[in-house]
Amino acid sequence: MPKIEFLLEERKIEVGKYANLRKAALKAGIDVYVGVDRLANCHGLGQCGTCTMQIVEGMENLTPRTEAEKKHLAGKPDNWRLSCQCEVLGDLCIITNYKPKPRRQ
Ligand code: FES
């Protein structure tokens, strides 16, 4: 079974082959969305572009970019993926769509 390591969260999970990356992350309690995107997202339809993850290792272990990804990730690094569009084929190492909160003074 494929293993996914989430670097920022320091978590490793095991998923079934062909698992949807977004659903697997959410099921494991990984914060896929940031801020208002937690409520204002397309719930995996490939329309909002807010479920982005960086694939640090294992790009070859995901299904190819979909048309939705080509639209939302145009100009972004090849290792950025919309997690809702990805099926997991093998082991991955991932950085989630982390945006640090502004510091209070
Ligand atoms: S959840 Fe909207 S594009 Fe992935």
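Any value given below was found using the heavy atoms of this structure, including those in side chains, with hydrogens, waters and symmetry copies removed. Every value quoted in this text rests on a predicted model; they were computed, and no experiment measured them. Whatever order the structure lists ligands and atoms in, that order sets their numbers, starting from 1.
- Those atoms of ligand 1 that come under 4.0 Å of a heavy atom in Tyr33, given as number and element, are 1 (S).
- Listing protein N, O or S atoms at distances below 2.8 Å from atom 2 (Fe) of ligand 1, with waters left out, gives Cys42 SG, Cys48 SG.
- Although no hydrogens or angles enter the test, the distance criterion places no donor-acceptor pair under 3.5 Å between the side chain of Gln85 and the main chain of Glu69.
- Applying the 6.0 Å contact sphere to CD of Glu10 captures no more than 12 heavy atoms from other residues, nucleotides or ligands.
- Between the Asp37 side chain and the Tyr33 main chain, no donor and acceptor come within less than 3.5 Å of each other.
- A donor-acceptor distance shorter than 3.5 angstrom exists from the side chain of Arg11 to the backbone of Ala28, with no hydrogens or angles considered.
- Nearest heavy-atom pair, Cys48 versus Thr50, reported as atom, atom and distance to 0.1 Å: SG-OG1, 2.9 Å.
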(request) Check the pair Leu73 / Arg65 against side chain to side chain contact (heavy atoms under 4.5 Å, CB included), numbers first and verdict last. (result) CA-CA 9 Å; Leu73 300 175; Arg65 269 191 180 187; 3.8 Å; yes
